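Small disclaimer: the values here were computed from a predicted structure and weren't measured. Lettering of chains follows the sequences in order, A, B, ..., and the numbering in each one begins at 1.
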Amino acid sequence: MKLLTWNVNSIRLRLDRLADLCQREAPDVLCLQELKCTDADFPSDAIAALGYNTSFWGQKGYNGVAILARAPLALRDVRRNFAGSPVAEEARSLWATVGDLRIASLYMVNGQSVGSDKYQVKLDFFAALTAHLQREMIAHPELVIAGDFNVAPEDRDVYDPRLWKGRILCSDREREALQALLGLGLVDLHRQVDQSAGVYSWWDYRFGQFSRDRGLRIDLLLGSAALAQRVSAATVDRRARDPKSSSDKPSDHAPVIVTIT
DNA sequence: ATGGTGGTCTCACCA
């Protein structure tokens, strides 16, 4: 089973790249974030035409998450949000069951800057999510949470760790919050098969960061132990991030793909 | 110092 997570940064502007991605990789399940459209504006027909069943939760302007399952795979027990979220009105998590797999598409709070009000909301969001998962994991032994975590887990996930030390996306408290989540028994699935430094999933639009490969790995798939043992491959689809690979513009994130046997 | 959004439609907010 091939699982994919991608912060698309506007689903409507990224339909061509999404079609390319689905054709190229044929993922079984896609978790998308930053749809940036309302439920009414979600391009359901175009995605159905790609051969995918979809559940989504959108809102005006920001946020928005979706889960796509390649037909005939069905999405069951779909839930928006989770109990205890400090930003319950924001479309940041969607949960569904595909086969035996419980999967969530997550868009973490960015946090703006260390010490800001939004930084505290980010830490609160992590804590509430951890509490929720404690229960969810008991009900679902095969579970994956995939999305834009807005945290680079370790220095090897950062192009210049000294520059980023202590800054948003890399601060100690964010990394500790992520470790608390992993402490539930979740595993960073990409790291099961690839220990190399320099694996990134996001490059700032500014400063020509992609062309210089100055990125961070902040898009993750975290899976329960039962699944972690079955990871056979993990890749980042840099083609979807490359401005030169298509006539249209890329998202600032690249899709991350994990294959489970 | 880019690229996405919405409404103030030329500019503010977010990442």
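For A/Gln112, counting side-chain heavy atoms from C-beta on, the closest listed nucleotide (B/dG4, B/dG7, B/dC14) is B/dC14.
Both A/Tyr62 and A/Arg14 lie near DNA chain B, and the one whose nearest nucleotide falls closer to the 5' end is A/Arg14. When the nearest nucleotides of DNA chain B are assigned to A/Ser10 and A/Glu34 by heavy-atom distance, the more 5′-ward of the two goes with A/Ser10.
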Check the pair A/His140, A/Trp95 against ring pair (Phe, Tyr, Trp, His ring centres under 6.0 Å), reporting the backbone distance first and the verdict last. CA-CA 12 Å; A/His140 303 284; A/Trp95 307 71; 9.0 Å; no
Starting from the C-alpha separation in whole Å, work towards a yes-or-no answer on side-chain hydrogen bond (donor to acceptor under 3.5 Å, both in side chains) for A/Tyr205 and A/Asn9. CA-CA 12 Å; A/Tyr205 279 129; A/Asn9 191 19; 3.1 Å; yes
Determine, step by step, whether A/Arg191 and A/Asp157 satisfy the salt bridge (charged side-chain N to carboxylate O under 4.0 Å, His left out) criterion, reporting the C-alpha distance in whole Å, the side-chain angles of both residues, the deciding distance to 0.1 Å, and the verdict. CA-CA 11 Å; A/Arg191 288 304 185 199; A/Asp157 302 309; 2.6 Å; yes
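Here B/dT2 presents its P atom at 16 Å from CZ of A/Arg214, a figure rounded to the nearest Å. In this structure, A/Asp248 atom CG and B/dG3 atom P are separated by 13 Å, rounded to whole Å. Atom CG in A/Leu32 sits about 16 Å away from atom C1' in B/dG4, given to the nearest Å. Atom-to-atom, CD of A/Gln33 to C1' of B/dC14 comes out at 16 Å; the value is rounded to the nearest Å. We find that CZ of A/Arg12 is positioned 6 Å from P of B/dT5, with the value rounded to whole Å. If you measure from atom CZ of A/Arg206 to atom P of B/dA1, you get 11 Å, rounded to the nearest angstrom. One atom, CG of A/Asp252, and another, P of B/dT2, lie 14 Å apart when rounded to the nearest Å. Nucleotide B/dA15 holds its P atom 7 Å from the CZ atom of A/Arg92, rounded to whole Å.
A/Phe210 comes within contact range of no nucleotide atom at all, as no heavy-atom separation falls under 4.0 Å.
Put simply, A/Lys60 has a side-chain N or O that comes within less than 4.0 Å of OP1 or OP2 on B/dG7. Remark: A/Ser251 is not in phosphate contact with B/dG3, judged by side-chain N or O atoms under 4.0 Å from OP1 or OP2. Taking 4.0 angstrom as the limit, A/Lys118 places a side-chain polar atom (N or O) nearer than this to OP1 or OP2 of B/dC14.
Using N1 to N3 plus N6-O4 or O6-N4 for Watson-Crick, or N1-O2 and O6-N3 for G-U wobble, each under 3.5 Å, B/dT8 pairs with nothing. With both pairing distances under 3.5 Å, B/dC14 is matched to B/dG3 as a Watson-Crick or G-U wobble pair.
Only the P atoms considered, B/dG4 is 22 Å distant from B/dT8, to the nearest whole Å. Rounded to the nearest Å, the gap between the P atom of B/dG7 and that of B/dT2 is 25 Å. Rounded to the nearest Å, the gap between the C1' atom of B/dT10 and that of B/dT5 is 14 Å. Between B/dA1 and B/dC13, the two C1' atoms lie 16 Å apart (nearest whole Å).
Under the 30°/60° scheme for interplanar angles, the aromatic rings of A/Phe42 and A/Phe56 are found to lie parallel. Taking the six-membered ring where the residue is Trp, A/His253 and A/Trp202 present tilted rings, their angle falling between 30° and 60°.
Using a cutoff of 4.0 Å between basic side-chain nitrogens and carboxylate oxygens, A/Asp28 and A/Arg70 are scored as salt-bridged.
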